[in-house]
Each structure stands twice: as structure tokens, then as C-alpha cells.
Amino acid sequence: MGLIQASRGTRDILPDEVIYWQRVEEKARDLLHQAGYRELRTPIFEQTTLFERGIGEATDVVGKEMYTFSDRGDRSITLRPEGTAGAVRAYIEHKLHAQGGVQRLWYTGPMFRYERPQAGRQRQFHQIGVELLGSLDPRADAEVIAIAATLLNRLGIDNWTLSLNSLGTAADRQRYREALVSYLSDHQQDLDPDSQARLQRNPLRILDSKDPQTQVIAQAAPSILDYLAEESRQHFERVQQLLQSLGIPYQLNPCLVRGLDYYTHTAFEFLLPDLGSQATVCGGGRYDGLVAELGGPDTSAVGWAIGLERLILILQRGKLTCTSALDFYCVSRGVEAEAQALQLCHALRTCGLSVEMDLSGSAFPKQLKRADRSGALACLILGETEGRDRSLQLKWLHSGEQQSLGQQEFIQNIDQVKAQLGAARSLAS
RNA sequence: GCGAGCGUAGCCAAGUGGUUAAGGCAGUGGAUUGUGGUUCCACCAUCGGGGGUUCGAUUCCCCUCGUUCGCCCCA
């Protein structure tokens, strides 16, 4: 194509789809507000070192997926691949911890990872995330998980599954890692090539390999849950009890490993069927070391991020229809009437009503047809006669009933009209 | 980054190495120069882009771009 297209892995979200995005954003905003979370907006790019230190140099995200470039001042800049590092940076930079107690934050916006695009995976993708900073309490883990579950439910998605694991502390993981490497080394020749390569570099990742034979070996591997120190074990037990008390079903998955280094203790994923390889719609966990790692005070935290593209893919399959009908569609013909129509539309908007004005100047049958297709509840008709005596025809598009009114009278009795609109709207839905 | 499939109008979609590339939906104009949702008529594509093979390619080959599926990884 000679035409310029959107870059690979990016896409336009057109008005028909934006309805779904707005629905999700609205539900999320309401719910997070109810739970005491406050929105945080951080820059879309950050210094590269933030992600290198925060996410971990050895991770795939940092190693091969970042959009990194030098700006004109020779600073190394990276388009954020996830939201937590920036949120924590802001938390530290603005000393939000000094406000005492717990900070509940949420964010939404685009993230960037240089990957091979697939359905549900873009290079520019969007997340909504929450971060609960300043609490080690297992109730914090349960709270954020419950919020994610509630959000999915409120969006009409109830076929999710929650996969849960504990990664313990760094010390727990170190002990486990040694045991795991020892076990896997005995089966080295039976592992798939990818997993063999990861044996020293990132053995935990071998656990969630999709290779059938490797999976068999992984099933029989020692479980991290048996390597948790007493405190870690108690924390995880408590989280599970709390989830049960909230009636949130989950499945323990000792093979669940998250791809970012900062996770500790609780790790979880919400999975949706029918998303193919991109089944994870929400991932998160506890990250007790990250704030200190980035130079802040020792602070416990837990959070998650939802992938909006994946979520909306499912919502669209469910054929949820969101309609926001216009109140009026205004058609007019003739110089006088056309000018008056413009004024009338303006006045109606001032009254809080929604109006779309036909600009075509074409014959009334055409304009009426467009009025019908616009989905408006009523049509305002101003022809040459109405232009002369400053009147209008108010036509209800469902019933076809039509009345003649003075323009002044119409605006002055707008409350009556609003009541009629309300009635028409409930009839239409 | 690796492997495989696909790419005909805004959308869905038939089709062929050879004079005018089906059809449907949507859109635009008209039948209907002051009244919509029905109906009828008309219009609406050089077959993703570039190169090659050929007398001739939308059809065959190569490259490229995009997309889909799997791997990797993740939301």
C-alpha cells in the first residue's frame, strides 16, 4: 500500500468500538472510587534505568521488548512497558509514603512492548492497574484480588478462573531454586531445548513451559509451596482463607511464575477461555521489595494490571450493546430556517440536551432518513414556513406523532419536553 | 526473534492464465422539489504494495507490508 498505515502492532479504536472502552473505564472508575483508590497519571516515557532496575535486567520485557531510544539530549528513554515501575517512582519522588498509612492508587493508559502482534497482543496496548502500597496485611492481597474479580463480574464476565501461587521471599525463592535446579538437572536430557537453555538462567520459568514432556517433568517437580518459610506460609494461608470467606474461587497453581522480577509472596492471574495463548486478562501480585529497590523506604505493596484489549475482545464477542441515543436530530431547509436551526441546537445543548444537526441541505426525505438512522428519539423540522414564523415541527420518530410549536415556546417549556423524552427513551429501550 | 496460514469495495464474500471481476450489507443519487423506517432503479474495485515468468496475470514465482494461529513471553 502506498497509503500510510498505522504502525505494526498499533491500531485505531473507532467510535463503534470506543463504546466498549468507555463502558469498561466507567465501571472501573466507579468501582475503584468505591474502594478508596485514587487515580494517578504518570508519564508515558521514563528513564530507561527505572525499568531495568524495577522490572529486572534478566526479564524478557527488559531484555528484548522495550521501546528504548535516545532523545536529543542523549538521555536513554523508554516507553513504559508496564505501569507499576512508574507508579512506584512517582510514589517515591513525591513522598506519598509521608502521607502515612496506606496509599491506594490506580492508573490507566497505553503501554508499549516490542513483540510480534497477535489477537489480544499489540505493541501499544492498554492497561488498567491498581497499586496498594504500604501494607503487608494479607487482607490487602485479598482486597485487590476481590476488586479485580468484582470488576470482571460487573462487566458481565463470569467465566474467569483465578490462578494463585506464592513466590515467597527472595530467600525462599533462592532455596527453592536450588532444589528445582537439582531436580531438573536429573531430567535435563528430557527437557525441550528452550527449557534446557533456561535451566541456569531462569529455572522457574521452566515450570510453565507448554512443551508436553516438559510439563510432565514440571508436574513432578518440587513445589515452591514446600519451600516457603513459616511466615511466608502463614501469609499465603491467610490470603487463601480470606478469599474463601469472600466466596472467590481460585485454583492453586505452583507452576505459576510471573515474568517480572519484583514479585514476592502472592502471585495470581485471572484467565479467560477463548483467548488462545493470550488467556491472561489480569495479572498481579505482591511486590514487597520494589519500593526499596528503587530508593524509597522499605514498603510492602500489592497490585495488578488488566489488559484492556483482551477484556474488550471478550466483551465484543458477548455482543453487549451499548447505545447512547441522541435526544434530537434537527433537519432544516431554507436560509432562514437553517440559521434558526443552528441557534435552536445551541439553545438545546445549553439546556443539557443532545442534538445533531443535519448539514446537507438536501431534500426533506433524505434528511428524515438520516434522522431515522441517527437513532435520535425525536426530529426537529424547520422548513421555509417555520423559518418565516419562527416555529418548528417536533416529530417523535417511534410513533410518527408530530406537533407544531413556536421556537420560543419550545425552549420555554423545555422541562415538559424533557419529560416526554424520558418517556420515549424508556419506551425505546 | 522462530514456524505456518491468509490479504478481492467501508464490511461480508464468489471467481478465473485471456474481451465488461458475481452477489449481499452499508453508502451516494433518483423514483418522491415539506416528512423517515417498505419498495424499485442507478452509481460505487485497475483484486495490499513492488518485481519476475508469460503474447497476456487478480490467478503462477520472488520480495515486501499488514494480519491471523502456534512458539517465546506477557496484560
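Residue numbers begin at 1 in each chain, while the letters A, B, ... track the order of the sequences. Keep in mind the model is a prediction, meaning the values are calculated, not measured.
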Listed nucleotide nearest any side-chain atom of A/Gln393, set B/C72, B/A75, B/U35 | B/U35
Kindly say whether, by distance alone, the side chain of A/Arg310 makes a donor-acceptor pair under 3.5 Å with the base of B/C74?
-> yes
Contact class for A/Gly383 (heavy atom, under 4.0 Å): base, sugar-phosphate, or nothing?
-> base
Watson-Crick or G-U wobble partner of B/U16, both distances under 3.5 Å | none
Assign each of A/Ile306 and A/Gly276 the nucleotide of RNA chain B bearing its closest heavy atom; nearer the 5' end lies the nucleotide of A/Gly276
Got a donor-acceptor pair under 3.5 Å from the side chain of A/Glu115 to the base of B/A75?
-> yes
Out of B/A75, B/U35, B/C72, minimum distance to the side chain of A/Ser209 belongs to B/C72
Between B/G70 and A/Gln118, is there an OP1 or OP2 to side-chain N/O distance shorter than 4.0 Å?
-> yes
Under 3.5 Å on both distances, the Watson-Crick or G-U partner of B/G7 | B/C65
Sort out the partner of B/A26 for me: Watson-Crick or G-U wobble, both distances under 3.5 Å, none otherwise.
-> none
Tell me: CD1 of A/Ile55 to P of B/A75, nearest whole Å?
-> 9 Å
For A/Gln47, does the CD atom sit with more than 12 other heavy atoms under 6.0 Å from it, leaving out its own atoms?
-> no
Which of these nucleotides, B/C74, B/G36, B/A4, is closest to any side-chain atom of A/Arg205?
-> B/C74
Short side-chain donor-acceptor distance under 3.5 Å, A/His265 and A/Asp141 | no
Parallel under 30°, tilted from 30 to 60°, perpendicular over 60°: which one fits the rings of A/Phe268 and A/Phe270?
-> perpendicular
Below 4.0 angstrom, N of the basic side chain to O of the carboxylate: do A/Arg173 and A/Glu178 qualify?
-> no
Give the rounded distance in Å between these two atoms: CZ of A/Arg80 and C1' of B/A75.
-> 13 Å
Integer angstrom distance from the P of B/A9 to that of B/G15 | 16 Å
Is atom CD of A/Gln408 surrounded by more than 12 heavy atoms (other residues, nucleotides or ligands) closer than 6.0 Å?
-> no
State whether the number of non-hydrogen atoms from other residues, nucleotides or ligands found under 6.0 Å of A/Tyr114 atom OH is greater than 12.
-> no
Which part of the nucleic acid, if any, lies within contact of A/Thr385, taking any heavy atom under 4.0 Å across all strands shown: a base, the sugar-phosphate backbone alone, or nothing?
-> base
For A/Lys64 and B/C2, what is the distance between atoms NZ and P respectively, to the nearest whole Å?
-> 11 Å
Closest to the A/Arg333 side chain, choosing from B/G34, B/A75, B/G36 = B/G34
Side-chain contact check for A/Lys395: nearest option of B/G66, B/C69, B/G36 is B/G36
Integer-rounded Å distance: B/U35 P and A/Leu380 CG = 18 Å
Sugar-phosphate, base or nothing in reach of A/Gly334, heavy atoms under 4.0 Å | nothing
Toward the 5' end of RNA chain B, which comes first, A/Leu368 or A/Val281, by nearest nucleotide?
-> A/Leu368
Pick the C1' atom in B/C69 and in B/A14, then give their distance to the nearest Å.
-> 25 Å
A/Arg8 side-chain N/O to B/U67 phosphate OP1/OP2 under 4.0 Å = yes
Considering just the side-chain nitrogens and oxygens of A/Ser277, establish if one lies under 4.0 Å of OP1 or OP2 belonging to B/C71.
-> yes
Distance, P atom - from B/C60 to B/C40, rounded to whole angstrom | 38 Å
Check: A/Tyr91 side chain, A/Gln103 main-chain N or O, donor-acceptor pair, under 3.5 Å | no
Base B/G34 to side chain A/Glu386, donor-acceptor N/O within 3.5 Å cut-off | yes
When you get a sec, tell me which of B/A75, B/C2, B/U68 is the closest nucleotide to the side chain of A/Arg116?
-> B/C2
N or O in side chain of A/Arg370 less than 4.0 angstrom from B/U28 OP1/OP2 = yes
Could one point to a donor on the side chain of A/Gln402 or the base of B/U35 with an acceptor on the other under 3.5 Å away?
-> yes
Find the distance A/Gln367:CD to B/U32:P and express it as a whole number of Å.
-> 19 Å
Hey, is A/Asp327 close enough to A/Arg425 for a salt bridge, meaning N to O under 4.0 Å?
-> yes
When rounded to the nearest Å, what value does the distance between C1' atoms of B/A57 and B/G70 take?
-> 33 Å
Base, sugar-phosphate, or nothing: which does A/Glu269 touch, judged by heavy atoms less than 4.0 Å apart?
-> nothing
Contact check, side chains of A/Ser166 and A/Leu228, non-hydrogen atoms, under 4.5 Å | yes
Looking only at atom P, what distance separates B/A42 and B/G23, rounded to whole Å?
-> 11 Å
Looking at every strand, decide which applies to A/Ala305 at a 4.0 Å heavy-atom threshold: base, sugar-phosphate, or nothing.
-> sugar-phosphate
Nearest-angstrom distance from the residue atom NZ of A/Lys366 to P of B/G34 = 14 Å
Check whether any side-chain nitrogen or oxygen of A/Arg123 sits under 4.0 Å from OP1 or OP2 of B/A75, and answer yes or no.
-> no
Please work out if A/Ala119 contacts a base, only the sugar-phosphate, or nothing of the nucleic acid, heavy-atom cut-off 4.0 Å.
-> sugar-phosphate
Would you kindly give the OH-to-C1' distance between A/Tyr262 and B/C74, to the nearest whole Å?
-> 11 Å
Between B/G37, B/A75, B/G34, which nucleotide has the shortest distance from any of its atoms to the side chain of A/Asp372?
-> B/G37
P gap between B/U20 and B/U58, integer Å = 13 Å
Pair partner, B/G70 [Watson-Crick or wobble, under 3.5 Å] | B/C2
Can you check the A/Arg11 CZ to B/U67 P distance for me, whole Å?
-> 11 Å
Choosing from B/G1, B/C72, B/U32, which nucleotide comes nearest the side chain of A/Tyr114?
-> B/G1
Could you measure between the two P atoms, the one in B/G10 and the one in B/G48, and give it in whole Å?
-> 12 Å
What distance, rounded to whole Å, do you find between the two P atoms, one in B/G50 and one in B/C65?
-> 15 Å
Contact class for A/Leu311 vs. all strands (heavy atom < 4.0 Å): base, sugar-phosphate, or nothing?
-> nothing
